[in-house]
**Q** 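Quick one: this structure, given as structure tokens, is what I'll be asking you about.
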There are 2 protein chains.
Amino acid sequence: MAASSRPTIHEVAKAAGVSISSVSRALNGNTSNPEMVARVKAAVKQVGYVPSAVAQSLKTQQTGQVAFAMEDIGNAAYLAMVREIQPLLREDGYRLLLHATGADVQDEIEVLESLAQKYVDGLILCPIRVTDRHLAALRSPAVPVVVIGQLPEEADVDNVRTDSRQGARLAVEHLYAAGARRIAFINGPADTVPGRLRHAGYQDGLHACGLEVDDSLVEFGGFQVSAGREAAQRLLARTQPDAVFAANDLIALGAMHAIRSAGRSIPEEIQVVGMDDTTLAETSFPPLTSVSLGSRDRGRLAADMLLARLHGETGPARRATVAPSLTVRESTREAAA
Amino acid sequence: MAASSRPTIHEVAKAAGVSISSVSRALNGNTSNPEMVARVKAAVKQVGYVPSAVAQSLKTQQTGQVAFAMEDIGNAAYLAMVREIQPLLREDGYRLLLHATGADVQDEIEVLESLAQKYVDGLILCPIRVTDRHLAALRSPAVPVVVIGQLPEEADVDNVRTDSRQGARLAVEHLYAAGARRIAFINGPADTVPGRLRHAGYQDGLHACGLEVDDSLVEFGGFQVSAGREAAQRLLARTQPDAVFAANDLIALGAMHAIRSAGRSIPEEIQVVGMDDTTLAETSFPPLTSVSLGSRDRGRLAADMLLARLHGETGPARRATVAPSLTVRESTREAAA
DNA sequence: TTGAAAGCGGTACCAA
DNA sequence: TTGGTACCGCTTTCAA
């Protein structure tokens with residue numbers, strides 16, 4: 001079991017026959033006497049000394065830790081971000097803390113407010129909703145914060161975003177070009193920022209293509225596979241679309257199940273486009289055409305921004321935008337020439 | 001931007017006109033004078049005080065943090081564990097630190113050795129390989145450690161494991177019961193512990209069913225979708241199986257693509273079983289029968305064990321084993337009665 | 001160059 | 001009950 005108490009700098013000093021100041025200096029490279037360094041290093045090895053991260057933190061006022069807070073690490077988009085962020089932080093010697101808030105606004109705010117405890121040096125936050133309390137907490141955070149997602153113009157916070165509205169429009173335009181005319185939309189919850197933006201982009205796309213907005217072609221639900229399946233079932237029971245744009249890949253997957261169960265072929269009878277371009281899209285059958293919102297890029301940019309602040313960068317809040325792009329696979333037909 | 005310095009307990013004491021000891025007591029519920037509590041709370045609010053986690057850690061010798069180290073959070077099995085572990089830790093007030101070691105043995109050992117820095121109160125480790133250095137570092141860790149995975153008998157470490165060999169056998173027996181006689185096996189790399197165990201289990205299953213071992217039915221590759229597809233292509237070009245057991249769900253997915261591309265139907269002509277029972281299995285087409293190795297259960301058990309230690313449990317190393325189980329879906333036929 | 005000592009921001013013991 | 005004070009383990013200033 002765990003040994004109860006590890007040697008401290010005092011043990012090293014005693015073993016080396018020097019003061020603790022000298023030990024500290026030798027270990028941190030703040031001495032020019034090589035003999036001293038050698039003695040200290042030997043003593044360190046002898047007693048098996050490892051500096052206490054906590055004591056160092058208290059003195060230096062830095063924890064060497066950064067937190068990443070999102071709704072659910074099971075969401076492929078966040079997962080992609082984590083996989084991008086962690087190595088970057090690590091390269092700089094930072095450890096990564098994970099907060100899964102479970103879409104609970106209260107939790108998100110607690111994370112934000114707990115920053116004052118100074119257990120991390122910075123935070124990357126992916127809020128699903130942005131409330132006034134978010135903005136208040138964001139006004140003067142105890143440590144640098146980077147937000148991934150939409151933020152009101154007036155918020156003075158480092159921010160990485162994508163244009164999911166534009167992305168939704170891309171999907172619709174692609175389907176139109178591929179011959180679809182009755183393009184259905186299966187959305188997530190209507191009361192979320194992503195939900196609203198995607199819906200707006202869907203309508204943008206219809207307008208751009210000269211198609212009528214038909215509410216009977218729109219369904220709402222959750223962002224999961226099961227929700228997608230159920231929404232598609234309701235949709236197919238009611239009307240006859242020749243294409244489905246789903247607000248994310250999970251919904252698209254569920255919709256494809258429902259479509260097949262209803263005896264319709266993909267893409268011959270009904271084309272399908274997803275969003276987020278997760279690994280699910282490549283591995284599904286048929287492989288799913290999907291709008292990429294650049295999760296990896298967003299993760300990388302957010303990490304870069306945060307590291308810049310941690311390295312002492314000052315100045316006004318920065319903002320970066322990642323453009324959406326379309327990855328065409330077999331769930332949609334080639335665009336007509 | 002971040003305010004430079006937050007109020008400390010001294011500011012609170014001054015504002016409340018009491019000593020810092022009283023503030024500490026009032027805040028930690030070690031006082032019975034309600035008036036004092038009220039005064040202190042008011043002062044806390046007035047100056048906007050939040051205790052420093054670092055200072056508390058230094059004094060209490062507890063960080064309130066636990067680390068989880070695995071190869072890659074992108075791996076669905078580890079992801080499932082994280083999703084199980086995080087809420088459990090959180091319930092107990094622990095924050096979760098994530099170490100993705102990228103299958104680098106050196107990194108794993110560094111994580112283990114860095115425990116002496118005491119930046120966490122405990123660790124859950126999923127090693128890919130267990131070397132002597134692992135075992136040495138595990139001999140007297142600075143904090144409690146739970147290992148998820150196979151460990152030598154003599155290792156005195158809390159340990160959660162599964163029996164993937166038995167799991168592979170289950171898959172083969174299921175396929176046999178469903179009528180398959182030429183059961184192919186697409187494995188991952190042969191030189192890994194999981195690879196070896198699954199192969200052994202595959203052979204166990206064949207023996208148990210009275211089937212001949214036929215090496216022309218076995219393929220090796222990576223643990224990814226693309227590797228699964230390629231291996232299946234080689235297999236189908238060479239021989240004619242009526243079932244494929246894949247060493248994980250990703251391989252199975254790739255194999256299903258290849259099988260369909262070759263014009264064979266699933267499960268009518270070729271049945272497919274995967275392993276790990278990830279969410280991919282439910283969402284694939286057709287939904288994939290898969291052997292669950294109980295990732296979620298293993299995560300939960302590991303968290304429980306660690307929390308028990310953190311709560312002061314002493315005594316010899318514990319060991320738990322999660323039995324594999326089969327989740328039958330549409331990629332295999334019902335067993336004949 | 002080296003050592004003594006003053007903190008970093010808390011907790012908890014001890015005496016009043 | 002309350003306040004004074006000694007730490008927790010380290011870094012860094014300041015004299016010697």
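Hydrogens, waters and symmetry mates are skipped; everything else that's a heavy atom, side chains included, is used.
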**Q** Between Gly17(B) and Thr60(B), who's closer to the 5' end of DNA chain D by nearest nucleotide?
**A**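 Its nearest nucleotide lies further toward 5', so the answer is Gly17(B).
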**Q** Rounded off to whole Å, could you give me the CG-to-C1' distance for the Asn30(A) and dT1(C) pair?
**A**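 From Asn30(A) CG to dT1(C) C1': 13 Å.
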**Q** Which of these nucleotides, dC10(D), dG9(C), dG3(D), is closest to any side-chain atom of Tyr49(A)?
**A**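 Out of dC10(D), dG9(C), dG3(D), the nucleotide with an atom closest to Tyr49(A)'s side chain is dC10(D).
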**Q** For the pair made of CD in Gln62(B) and P in dG10(C), what is the distance, rounded to whole Å?
**A**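 To the nearest whole Å, that distance equals 17 Å.
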**Q** Reckon Tyr119(B) has a side-chain N or O less than 4.0 Å from the OP1 or OP2 of dG9(D)?
**A**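 No, Tyr119(B) has no side-chain N/O under 4.0 Å of OP1/OP2 on dG9(D).
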**Q** Rounded to whole angstrom units, what separation is found between the CD1 atom of Ile20(B) and the P atom of dA6(D)?
**A**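 The answer, rounded to whole Å, is 12 Å.
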**Q** Scan Val50(B) against the nucleic acid and name what it touches under 4.0 Å (heavy atoms): base, sugar-phosphate only, or nothing.
**A**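 Answer is sugar-phosphate: Val50(B) comes under 4.0 Å of backbone atoms only.
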**Q** Less than 4.0 angstrom between a side-chain N/O of Gln56(B) and OP1 or OP2 of dG9(C), yes or no?
**A**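 It does not, given that no N or O in the side chain of Gln56(B) lies less than 4.0 Å from OP1 or OP2 of dG9(C).
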**Q** Tell me the interatomic distance from Arg39(A), atom CZ, to dT2(C), atom C1', rounded to whole angstroms.
**A**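 Distance check: Arg39(A) CZ to dT2(C) C1' gives 11 Å.
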**Q** What I want to check is whether the side chains of Tyr119(A) and Thr63(A) have a donor and an acceptor closer together than 3.5 Å.
**A**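 Thr63(A) and Tyr119(A) do not have a side-chain donor-acceptor pair below 3.5 Å.
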**Q** Quick one: does Thr192(A)'s side chain get under 4.5 Å of Phe223(A)'s, heavy atoms only?
**A**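 A side-chain contact under 4.5 Å exists here.
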**Q** Which of the following nucleotides, dG3(D), dT2(C), dA12(C), is nearest to the side chain of Asn33(A)?
**A**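 In terms of side-chain proximity for Asn33(A), the closest of dG3(D), dT2(C), dA12(C) is dT2(C).
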**Q** Quick check: on DNA chain D, is the nucleotide nearest Ala55(B) upstream (toward 5') of the one nearest Thr31(B), or the reverse? Name the residue that is more 5'.
**A**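 Result of the comparison: Thr31(B).
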**Q** Measure the spacing between CE of Met81(A) and CD of Gln86(A) and express it to the nearest 0.5 Å.
**A**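 The CE atom of Met81(A) sits 16.0 Å away from the CD atom of Gln86(A).
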**Q** Let me spell it out: for each of Ser21(A) and Thr8(B), pick the nucleotide of DNA chain C with the closest heavy atom. Which residue's pick is nearer the 5' end?
**A**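 The residue mapped nearer the 5' terminus is Ser21(A).
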**Q** Using a 4.0 Å heavy-atom cut-off, does Ser57(A) contact any base of the nucleic acid, only the sugar-phosphate backbone, or nothing at all?
**A**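 No contact.
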**Q** What nucleotide among dA6(D), dC10(D), dG3(C) has an atom nearest to a side-chain atom of Pro51(A)?
**A**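 So the nucleotide nearest the side chain must be dC10(D).
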**Q** Quickly work out the Gln61(A) CD to dT11(D) P distance and round it to whole Å.
**A**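 Distance check: Gln61(A) CD to dT11(D) P gives 13 Å.
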**Q** Between Ser22(A) and dG3(C), is there a contact of a side-chain N or O with OP1 or OP2 at under 4.0 Å?
**A**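 For dG3(C), OP1 or OP2 has a side-chain N or O of Ser22(A) closer than 4.0 Å.
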**Q** For the residue pair Glu11(B) and Thr8(B), confirm or rule out a side-chain donor-acceptor distance under 3.5 Å.
**A**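 There is such a pair (donor and acceptor under 3.5 Å, judged by atom type) between the side chains of Glu11(B) and Thr8(B).
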**Q** How many whole angstroms separate atom CG of Leu58(B) from atom P of dC10(D)?
**A**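 Atom-to-atom, Leu58(B) to dC10(D), this comes out as 9 Å.
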**Q** Tell me which nucleotide among dT11(C), dT11(D), dG10(C) gets nearest to the side chain of Ile9(A).
**A**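 My answer, after comparing the listed nucleotides, is dT11(D).
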**Q** Taking CG from Asn28(B) and P from dG10(C), how many angstroms apart are they, rounded to a whole number?
**A**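 Between P of dG10(C) and CG of Asn28(B): 11 Å.
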**Q** To the nearest Å, how far apart are Lys59(B) NZ and dG7(C) P?
**A**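 These atoms are roughly 18 Å apart.
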**Q** Is there a donor in the side chain of Ser19(A) and an acceptor in the side chain of Ser22(A), or the other way round, less than 3.5 Å apart?
**A**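 Their side chains do contain a donor-acceptor pair, which is all the 3.5 Å distance test asks for.
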**Q** Indicate whether OP1 or OP2 belonging to dG9(D) is found under 4.0 Å from a side-chain N or O atom of Ser52(A).
**A**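 For Ser52(A), the contact criterion (side-chain N or O under 4.0 Å from OP1 or OP2 of dG9(D)) is not met.
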